[in-house]
Amino acid sequence: MGIEDYINYMCSKGYNDSSISRVLGKKTKCPTPKPSILDMNLPSITIPNIEKEVTLTRSVTNVGPIKSVYKAVIESPLGITLTVNPTTLVFSSEDKKVLSFTVKAKTSHKVNTGYFFGSLTWTDGVHDVKIPVSVQTRIMIKS
């Protein structure tokens, strides 16, 4: 994570520009639209209170050899469909050390059912990079 990730986190939590500027010691402006806390670039994925579907973004840094290729292996939490785009990460050169991907989570649950757990693993056949996934369902029952 870099300074921009922390700025986006503070913006997503509702801190105003002047508060963030004071913390950093330099003038800072939150991006528009307001960033989602789900996009905080953490080594795990937690989605609280999913009602239908949500998409989030993560970035990964290659610390292995140049020209590494990693494929996604998804173990979706029960009742949750996870899709990853792209499904293959190709670190093709010295310049391509950081790549981003999106994860879409969609629930098939019809009632509040709690937390469910799964994972997203990036593998090159030798090395596995496992990202734990936790999802809490929140379904509003309409009367």
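When reading the values below, keep in mind they use all heavy atoms of this one structure, side chains included, and skip hydrogens, waters and symmetry mates. Keep in mind the model is a prediction, meaning the values are calculated, not measured.
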Report the C-alpha distance between L82 and V103 in whole Å, list the side-chain angles of each, state the deciding distance to 0.1 Å, and finish with yes or no for side chain to side chain contact (heavy atoms under 4.5 Å, CB included). CA-CA 7 Å; L82 291 180; V103 177; 4.1 Å; yes

#### Entry: Min side-chain heavy-atom separation S12-N8 under 4.5 Å
no

Could you walk me through whether T137 and I80 pass the side chain to side chain contact (heavy atoms under 4.5 Å, CB included) check? CA-CA 9 Å; T137 58; I80 307 293; 4.2 Å; yes

Checking the side chain of S19 only, and the main-chain atoms of Y15 only, is there a donor and an acceptor separated by less than 3.5 Å?
no

In this structure, CG of D5 is separated from CD1 of I3 (nearest 0.5 Å) by 9.5 Å

* To do: Would you check if C11 and I20 make a side-chain contact, meaning some heavy-atom pair closer than 4.5 Å?
  => yes

Checklist line | Sub-4.5 Å side-chain heavy-atom contact between V84 and W122 | finding: yes

task: Go through F116 and Q136 one step at a time and tell me if the side chain to side chain contact (heavy atoms under 4.5 Å, CB included) criterion holds.
output: CA-CA 6 Å; F116 298 93; Q136 179 189 30; over 6 Å; no

When rounded to the nearest 0.5 Å, the distance separating CD of E75 from CD1 of I131 is 12.5 Å

#### Entry: S76 and T81 side chains, donor-acceptor separation under 3.5 Å
no

Are H127 and Y70 an aromatic pair by the rule of ring centers under 6.0 Å?
no

Distance-only donor-acceptor pairs under 3.5 Å for side chains of residues 27-37, two or more places apart:
from	atom 1	to	atom 2	distance (Å)
T28	OG1	K26	O	3.1
S36	OG	L38	N	3.0

* Would you say E53 and K104 make side-chain contact, with heavy atoms under 4.5 Å? -> yes

Exercise for review: Go through I74 and T121 one step at a time and tell me if the side chain to side chain contact (heavy atoms under 4.5 Å, CB included) criterion holds.
Suggested key: CA-CA 6 Å; I74 300 168; T121 303; over 6 Å; no

| query | Going by atom types alone, do T57 and S100 pair a side-chain donor with an acceptor below 3.5 Å? | reply | no

Mind checking whether Y115 and L56 sit in one hydrophobic cluster, side chains of I, L, V, M, F, W, Y counted as touching below 4.5 Å? no

Original post:
Would V129 end up clustered with I66 when hydrophobic side chains under 4.5 Å apart are linked, directly or stepwise?
Top reply: no

Worksheet item: Taking the side chain from S108 and the backbone from G79, do they hold a donor-acceptor pair closer than 3.5 Å?
Response: yes

- Task: Answer whether the closest heavy-atom distance between the side chains of L120 and V73 falls below 4.5 Å.
- Result: no

- prompt: Same cluster for V23 and Y9 if Ile/Leu/Val/Met/Phe/Trp/Tyr side chains link at under 4.5 Å?
  reply: no

Using atom types as modelled and distance alone, determine if a side-chain donor or acceptor of R58 lies under 3.5 Å from a backbone N or O of T102.
no

Across all chains, not counting sequence neighbours, the side-chain hydrogen bond (donor to acceptor under 3.5 Å, both in side chains) partners of T123 are D128

task: Check whether any side-chain heavy atom of T107 sits under 4.5 Å from a side-chain heavy atom of V135, and report yes or no.
output: no

Sorted by chain and number, sequence neighbours left out, side chain to side chain contact (heavy atoms under 4.5 Å, CB included) with V60 holds for L89, F91, F101

Side chains of P77 and V133: does their closest heavy-atom pair fall under 4.5 Å?
yes

**Report entry** Side-chain heavy atoms of S134 within contact of F117, under 4.5 Å
**Finding:** yes

Quick check: is V98 connected to V63 through a chain of hydrophobic side chains (ILVMFWY, heavy atoms under 4.5 Å apart)?
no

